[in-house]
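Right, one structure below, let's go through it.
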Amino acid sequence: MQPMTDKYREEAYTHADLYCIRHSAAHIMAQAVLDMFPDAKIAIGPPIEDRFYYDFALPRSLTPEDLETIEARMRDIIAGDYTFERRVVSADEAAAIFADQPFKLELIEGLKAGQFDENGNPIDDAPEISLYTQDTFTDLYRGPHVASTADINPDAIKLLSVAGAYWRGDENNPMLQRIYGTAWRTAEELEQHLWRLEEATRRDHRTLGKQLDLFSTNDHVGAGLVLWHPKGSIIRREIEAFWDELHDASGYDFVYTPHIGKSSLWETSGHLDFYADSMYAPLQMDDGQDYYLKPMNCPFHMHIYNSRTRSYRDLPLRFAERGTVYRFERSGTLHGLLRVRGFTQDDAHHFCTRAQMPDEIDFALDFCLTMLRGFGFEDFAAYLSTRPDKFVGGIDDWEQAEVALEAALHRAELSYEVDLGGGAFYGPKIDLKVKDTLGREWQLSTIQFDFNLPERFDITYTGEDGHEHRPFMVHRALLGSIERFFGALIEHYAGVFPVWLAPVQASVIPITDKHVAYADEVKKRLKAAGIRVEVDDSGNRMGYKIRAAQEQKIPYMLVVGNREMEDGTVAVRLRTEEDLGAMTVEDFIARAVEVIEAKSADL
RNA sequence: GCCAACGUAGCUCAAUUGGCAGAGCAAUCGCUUCGUAAGCGAUAGGUUAUGGGUUCGACUCCCAUCGUUGGCUCCA
């Protein structure tokens with residue numbers, strides 16, 4: 001279980017040929033853009049995961065047609081078989097070469113001072129300045145490149161999109177135009193990559209949410225505020241029922257707290273100091289008080305803790321709540337269910353003594369994995385974030401907490417990356433991401449120490465020694481937000497939910513109107529067994545009804561005609577297109593109930 | 001918030017240079033009563049996101065607002 005840092009990852013990629021291919025492709029693209037816009041100012045153009053980009057300041061906005069032109073020009077340059085020639089120069093020489101390229105001059109200054117490299121990443125030492133030239137284009141780059149432009153496969157490159165990006169990632173800087181492209185060794189690899197992109201589109205939870213009638217948002221309600229439709233709500237209720245069941249079995253106390261609280265509460269918690277910008281504006285009432293919609297549940301839980309004296313005998317104490325919180329996220333950041341303004345955190349706060357703390361973390365991580373595995377996620381990526389430069393609390397507490405987090409990761413046999421100094425100012429944390437069937441990572445769970453709020457709310461317990469002590473407090477969210485989790489779940493399953501989550505589990509399909517009464521009878525019996533079932537009594541033919549059920553990804557289609565009516569059976573067709581033939585209603589119920597109770601992925 | 005694109009029927013999309021807003025699916029009503037992914041016909045459905053402007057005339061051009069999308073920034 002080796003920790004793998006970002007730096008290590010980047011190193012590994014640097015030496016791979018795809019890194020060279022993409023970086024070289026970026027340079028070729030920059031040359032193509034300069035051919036088209038001789039006055040263009042070029043910024044940076046690094047390879048990134050699966051792709052590359054280059055940023056430009058251009059006299060006008062690029063259009064999708066421009067991308068085609070640029071791509072065609074890139075193929076010409078590739079066909080030209082121009083060598084990538086490396087040259088080491090002094091900073092002054094470099095400055096002379098890039099005299100009319102202000103972004104490059106800034107980078108050269110950075111290289112000279114040893115502040116950041118040619119991609120704008122922070123570095124320690126001043127490296128030598130090397131240039132690469134192909135044909136008419138020269139760029140700053142440490143290397144390596146492919147030998148010649150002809151080493152790029154013209155059938156394995158594609159420009160993907162154009163987007164705005166701030167120079168050096170700082171929103172106070174000018175906005176540049178960024179062209180994203182992708183480059184691979186072979187046309188097959190490119191094809192595969194494009195297929196993955198299409199597959200991601202096919203699984204898009206926003207599209208599926210509409211098709212399956214799961215949820216919507218609405219101009220009249222407000223951006224980032226989700227309406228859960230009946231079918232989406234069924235899934236949510238199943239998620240929540242499972243969540244309740246596990247929490248009940250694991251020593252949690254359930255709590256409920258209000259949606260708003262007085263300004264003084266958020267002053268005490270510090271939220272108004274740090275996060276006022278992303279909180280909804282206050283409700284100003286006649287009592288002279290300002291009330292705020294809650295951006296977090298913690299302050300309320302603090303007050304529940306503080307509502308009486310606590311003994312070490314009470315600890316560990318675990319308050320759990322699915323609390324709906326509101327954050328006024330910047331408009332440009334909203335995205336389907338994944339980034340919204342009103343969402344339900346599956347929150348819990350653990351309070352424990354110093355001695356209990358390591359076990360408490362073990363417990364929290366185990367619990368987390370149990371829950372996520374229950375939803376069919378098997379592949380996890382863990383991230384440990386440690387103490388930043390600015391922090392509150394004692395260094396000893398931080399160190400013990402970090403040790404406990406790391407030990408829990410080892411015990412759970414999770415590989416993880418360490419983000420040194422990446423923790424929040426109030427405590428170190430573990431973030432857990434799940435990988436879906438396409439290998440994409442979804443940030444869901446977090447287990448996070450807090451050395452700030454216990455202090456601010458002055459929470460204590462009476463120890464064995466009769467004195468007051470400060471408990472350790474841990475925030476913990478497993479699914480993160482129910483909305484975001486739902487989005488991830490939709491995409492993970494591509495809307496083809498396991499039976500226990502499927503909004504409609506069985507569709508009874510009468511072949512003609514004569515069979516509707518029997519279909520209703522079947523429905524009644526299935527319903528009594530707790531199966532979510534509907535009868536398709538539309539005037540359509542059987543084939544049409546099957547198609548309709550198939551499109552709604554309903555797991556079981558129960559066809560009933562004369563034969564079934566006489567025998568008291570149903571003809572079972574699965575959404576996998578497998579035909580199980582006729583079986584008695586009791587047999588079907590037994591099978592379905594077993595699958596549902598086991599939360600099985602199979603039908 | 002920033003850059004860019006977009007917003008037409010419940011859904012997916014058309015509509016020539018500014019000149020009568022249309023199709024498929026879904027819905028409704030008929031006909032059909034059918035054996036494992038779309039039977040036939042008819043009807044209805046619109047202040048073209050909202051508000052303003054230019055014009056004889058605006059879905060089309062301009063401005064503002066709201067929303068969506070791709071990114072950037074942010075994400076307690």
Side-chain angles (χ1 to χ4, degrees), chain A residues 53 55 57-58 60-64 160-180 201 204 206-207 210-211 213 216-225 266 269-279 294-299 325 327-336 338-341 343 345 424-427 429 443 446 448 450 452-453 475 477 480-481 484 509-516 538-552 557-564 571-575 577-582:
Chain A
Y53 67 81
D55 289 348
L58 300 173
R60 65 165 174 87
S61 298
L62 292 171
T63 64
L160 300 170
S161 60
V162 55
Y166 299 110
W167 165 237
R168 297 171 58 71
D170 185 334
E171 63 181 320
N172 299 310
N173 285 340
M175 177 71 67
L176 306 175
Q177 295 190 63
R178 171 173 299 180
I179 304 176
Y180 281 100
T201 307
D204 192 308
R206 293 165 302 186
T207 314
K210 226 177 250 173
Q211 275 169 17
D213 197 12
S216 62
T217 56
N218 187 299
D219 287 16
H220 301 287
V221 176
L225 302 171
W266 309 108
S269 71
H271 287 101
L272 275 178
D273 284 341
F274 295 112
Y275 308 112
D277 284 353
S278 49
M279 287 168 70
K294 65 175 169 183
M296 288 198 85
N297 300 303
C298 346
V325 299
R327 299 178 184 178
F328 196 78
E329 303 283 1
R330 281 159 41 141
S331 59
T333 63
L334 300 175
H335 180 93
L338 303 183
R339 188 80 179 268
V340 291
R341 286 184 174 157
F343 60 96
Q345 281 189 318
F425 72 91
Y426 53 81
K429 63 173 176 177
Q443 155 83 60
T446 185
Q448 187 149 20
D450 193 327
N452 183 42
L453 289 184
H475 301 263
S481 113
R484 158 183 279 268
I509 297 177
I511 289 176
T512 75
D513 288 353
K514 288 183 303 202
H515 310 114
V516 170
S538 67
N540 296 303
R541 313 178 82 133
M542 184 197 63
Y544 185 95
K545 295 175 182 177
I546 286 174
R547 179 182 153 84
Q550 197 77 42
E551 281 185 337
Q552 286 298 303
M557 285 154 252
L558 310 179
V559 176
V560 295
N562 285 334
R563 296 200 291 272
E564 289 75 18
V572 181
R573 178 198 158 101
L574 307 180
R575 69 180 166 202
E577 294 183 40
E578 191 183 345
D579 188 350
L580 298 186

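The figures here come from the full heavy-atom set of this structure, side chains too, leaving out hydrogens, waters and symmetry mates. Letters A, B, ... mirror the listed sequences (proteins, then strands); counts begin at 1.
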(message) Go nucleotide by nucleotide along RNA chain B from the 5' end; which of L62(A) and V560(A) gets its closest nucleotide reached first?
(response) L62(A)
(request) Between Y180(A) and M175(A), name the one whose nearest nucleotide on RNA chain B is closer to the 5' end. (result)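 First, find each residue's nearest nucleotide; the 5'-ward one identifies M175(A).
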Among [options], the nucleotide that comes nearest once only the side chain of [X] is considered:
X       : options                   : value
M296(A) : rG35(B), rG67(B), rA76(B) : rA76(B)
E171(A) : rG1(B), rG35(B), rC75(B)  : rG1(B)
Y544(A) : rA26(B), rG35(B), rG67(B) : rA26(B)
I511(A) : rG35(B), rU36(B), rA76(B) : rG35(B)
A163(A) : rA76(B), rG71(B), rC66(B) : rG71(B)
D219(A) : rC34(B), rG7(B), rG35(B)  : rG7(B)
N562(A) : rC75(B), rG35(B), rA76(B) : rG35(B)
V559(A) : rA26(B), rG35(B), rA76(B) : rG35(B)
A223(A) : rC75(B), rU36(B), rU68(B) : rU68(B)

(message) I want to check one thing: is the phosphate of rA37(B), taken as OP1 and OP2, less than 4.0 Å away from some side-chain N or O of R573(A)?
(response) yes
(request) Kindly say if R206(A) contacts the phosphate of rU69(B), meaning a side-chain N or O under 4.0 Å from OP1 or OP2. (result)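 Yes, R206(A) has a side-chain N/O under 4.0 Å of OP1/OP2 on rU69(B).
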Calculate the interatomic distance between [X] atom [atom1] and [N] atom [atom2]; express it in whole Å.
X       : N       : atom1 : atom2 : result
D513(A) : rG35(B) : CG    : C1'   : 15 Å
N540(A) : rA26(B) : CG    : P     : 8 Å
D170(A) : rU73(B) : CG    : C1'   : 9 Å
Q550(A) : rG35(B) : CD    : P     : 19 Å
H220(A) : rU50(B) : NE2   : P     : 9 Å

Identify whether any heavy atom of [X] sits under 4.0 Å from a base atom; if not, whether one sits that close to sugar-phosphate; answer base, sugar-phosphate or nothing.
X       : result
H335(A) : sugar-phosphate
N218(A) : nothing
T333(A) : base
E329(A) : nothing
G336(A) : sugar-phosphate
Y275(A) : base
A165(A) : sugar-phosphate
G543(A) : sugar-phosphate
E577(A) : base
G561(A) : base
A424(A) : nothing
Q552(A) : nothing
S278(A) : base
K210(A) : sugar-phosphate

Is [N] paired to anything, Watson-Crick or G-U wobble with both distances less than 3.5 Å, and if yes, which nucleotide?
N       : answer
rC29(B) : rG41(B)
rC2(B)  : rG71(B)
rG35(B) : none
rG19(B) : rC56(B)
rC66(B) : rG7(B)

(message) Looking at E564(A) and P510(A), would you say the former's side chain and the latter's main chain have a donor-acceptor pair under 3.5 Å?
(response)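 Side chain of E564(A) to backbone of P510(A): no pair is present.
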(message) Check whether T446(A) reaches the backbone of Q448(A) with its side chain - one donor and one acceptor, N or O, closer than 3.5 Å.
(response) no
Any chance you could measure [X], atom [atom1], to [Y], atom [atom2], to the nearest 0.5 Å?
X       : Y       : atom1 : atom2 : answer
H475(A) : Q345(A) : NE2   : CD    : 9.5 Å
D55(A)  : R168(A) : CG    : CZ    : 12.0 Å
R339(A) : T333(A) : CZ    : OG1   : 4.0 Å

Tell whether [X] reaches the base of [N] with its side chain through a donor-acceptor pair below 3.5 angstrom.
X       : N       : value
R330(A) : rU73(B) : yes
R178(A) : rC3(B)  : no
E564(A) : rG35(B) : yes
R327(A) : rC74(B) : no
Y166(A) : rG71(B) : no

(request) Determine the interplanar angle of the F425(A) and F274(A) rings, folded into 0 to 90°, and report it as parallel if under 30°, tilted if 30 to 60°, perpendicular if over 60°. (result) tilted
(message) Can you confirm whether V340(A) sits close enough to L225(A) that some side-chain heavy atom of one is under 4.5 Å from a side-chain heavy atom of the other?
(response) no
(message) Less than 4.5 Å apart, side chain to side chain, heavy atoms only: is that true for R327(A) and M296(A)?
(response)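 Side-chain contact under 4.5 Å: yes.
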Gap in Å between the two [atom1] atoms, one belonging to [N] and one to [M], rounded:
N       : M       : atom1 : value
rU17(B) : rU73(B) : P     : 39 Å
rA9(B)  : rU60(B) : P     : 15 Å
rG10(B) : rC3(B)  : C1'   : 33 Å
rU16(B) : rC59(B) : C1'   : 14 Å
rA44(B) : rG30(B) : C1'   : 14 Å
rA37(B) : rG41(B) : P     : 22 Å
rG52(B) : rA58(B) : C1'   : 14 Å
rA49(B) : rU68(B) : C1'   : 11 Å

(request) Verify the distance criterion only: is there a donor paired with an acceptor across the side chains of Q550(A) and R573(A) at less than 3.5 Å? (result)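 Indeed, the side chains of Q550(A) and R573(A) share at least one donor-acceptor pair under 3.5 Å.
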